[in-house]
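Read the numbers this way: they start at 1 and go in the same order the structure lists the ligands and their atoms.
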Amino acid sequence: MPLVTQGFHHITMVARDARRTLAFYRGVLGLGLVKQTVNFDDPGAYHLYFGDELGRPGTILTFFEWPDAGRGHWGVGGVHHLALGVESAAAQLMWKRRLMDRGIPVSGPFDRGYFRSIYFADPDGQILEIATRGPGYAIDEPADALGQKVLVPPGAELAGERDEEEIRRRTHPEPVEQITPEMALQGIHHISAITDDVERAHDFYTAALGLSLVKKSVNQDHQRTPHWFWASYDGREIAPHSTHTLFGWQGSTYYARGGAGQTHHIAFRARDTEEQLAWRDHLLALGVQVSPVMERSYFKSIYFRAPDGLLLEIATDGPGFTIDEDPGRLGAELRLPTWLEDRREEIAASLAPLA
Ligand SMILES: [Fe+2]
Ligand SMILES: [Fe+2]
């Protein structure tokens, strides 16, 4: 049986101020804080985990707090943006209104064919998107034969041909103080990164992670740039939280720079430790350098890089965030792994309180 990941486990980004990050992701976007802990490799720094009420794989956004981090930027080997899912175009417009009323500039909604998108940035400059669930990838080719040929988006969707003024004006008519159930963000819709060789990336993601090409398109805002989509796809359905897209900057040497407002790494799922070990052997057999298995308390991790330099991880689904807190109290207090417990006082003193 070839190894096929079920999709994303989490995405980890860099923030300069944990309180500000909490105010934005929990206060503005309504995500749950499911764990406050420290970076196990750098225990003086917060590591915050957001997600759905249990922090299920595919809904998890994590942040390292590095107050002195310089500003990162996207480029080859880095993530361009993270898209979070929302159920409907109406709810998406409510997000636009809610964000803009809080002084956060929003662009869109743009018709991306397979979904509609609005864009904005978090307080560190990480580019975020809220994307609708539908209409989905089967809108321009059969659901059981996705990714077969290059599809150029219709003119009305392309930069230069859209009615930008109408798009800019479109919003929800009333202020949105409360996040309604319909607005609930549904976790990772897709992650879009930048590569310098989209064919090589294709070989890598299919061989290493078992992902399938589900769409070959071009960047609607820059049509000479290929935009390819991969996902966990069984030939009938695309698994939720599994779409990874790459913009192909063929031969570019404009590399991503790590730092605040940039993604640090993205993690795909392994069902359990046994599958993770099989994955490790599989990657080594492909000639990929892989870290040893790392204990992350809430999952176990292995790390490796895509050929363009993007840092990737495979994390186990379990044991999950309820291993050291009750489901109703996730994220309520600072949790430390057992090997750091005897340094709790010193560690807690070095961290600015979150509230
Ligand atoms: Fe996107
Ligand atoms: Fe990670």
Side-chain angles (χ1 to χ4, degrees), residues 5 7-14 34-35 37-42 45-51 55 57-64 74 78-86 92 106-121 126-133 136-137 153 157 159 185 187-194 214-215 217-222 225-231 241-247 258 262-270 276 290-291 293-305 310-317 320-321:
T5 184
F8 294 114
H9 185 283
H10 64 268
I11 177 169
T12 295
M13 296 166 273
V14 178
V34 294
K35 197 64 65 185
T37 183
V38 293
N39 183 337
F40 292 2
D41 302 325
D42 174 14
Y46 271 121
H47 192 183
L48 301 185
Y49 290 79
F50 297 87
T59 72
I60 306 164
L61 278 50
T62 101
F63 294 85
F64 295 138
W74 40 257
V79 166
H80 181 266
H81 65 267
L82 159 67
L84 300 169
V86 74
Q92 185 184 55
V106 178
S107 64
F110 299 109
D111 182 356
R112 298 313 199 187
Y114 316 114
F115 42 84
R116 286 165 182 270
S117 303
I118 61 171
Y119 301 90
F120 52 102
Q126 170 79 46
I127 304 174
L128 298 173
E129 170 182 344
I130 291 177
T132 57
R133 193 160 64 82
Y137 299 101
E157 295 173 13
L185 296 176
I188 299 170
H189 180 289
H190 62 272
I191 295 173
S192 292
I194 299 167
V214 294
K215 199 62 67 179
S217 187
V218 299
N219 183 346
Q220 282 133 319
D221 300 327
H222 191 267
T225 302
H227 189 198
W228 291 16
F229 297 59
W230 295 264
H241 318 298
S242 80
T243 303
H244 183 48
T245 95
L246 290 174
F247 297 112
Q262 252 297 298
T263 295
H264 187 270
H265 64 268
I266 61 182
F268 292 92
R269 294 170 66 179
Q276 186 180 55
V290 194
S291 77
V293 174
M294 315 278 267
E295 176 57 63
R296 299 308 191 200
S297 289
Y298 313 108
F299 43 85
K300 289 187 186 347
S301 301
I302 56 174
Y303 300 89
F304 53 102
R305 285 187 189 274
L310 184 62
L311 184 59
L312 303 173
E313 172 183 348
I314 293 177
T316 55
D317 281 359
F321 296 101

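Side chains of E129 and H189: no donor on one and acceptor on the other come within 3.5 Å. In this model, no donor atom of one side chain and acceptor atom of the other lie less than 3.5 Å apart for T316 and Q276. In this model, a donor atom of one side chain and an acceptor atom of the other lie less than 3.5 Å apart for H227 and T245.
Aromatic ring pairs are classed by plane angle as parallel below 30°, tilted from 30° to 60° and perpendicular above 60°; the pair F63 and F50 is perpendicular. Aromatic ring orientation, F115 versus Y137: perpendicular (interplanar angle above 60°, classes split at 30° and 60°). Ring geometry for H265 versus Y303: interplanar angle over 60°, hence perpendicular rather than tilted (30 to 60°). F40 and Y298 have tilted rings, their planes meeting at an angle from 30° to 60° on a 0 to 90° scale.
In plain terms, the two heavy atoms of E313 and S301 that are nearest each other are OE2-OG, 2.6 Å.
Within the protein, the N, O or S atoms sitting under 2.8 Å from the Fe ion (ligand 1) are H81 NE2, E129 OE1, H190 NE2. Protein contacts to the Fe ion (ligand 2) involving N, O or S atoms at a distance below 2.8 Å are H10 NE2, H265 NE2, E313 OE1.
The only member of H9, M13, H10, H244 that meets side chain to side chain contact (heavy atoms under 4.5 Å, CB included) when paired with I266 is H244.
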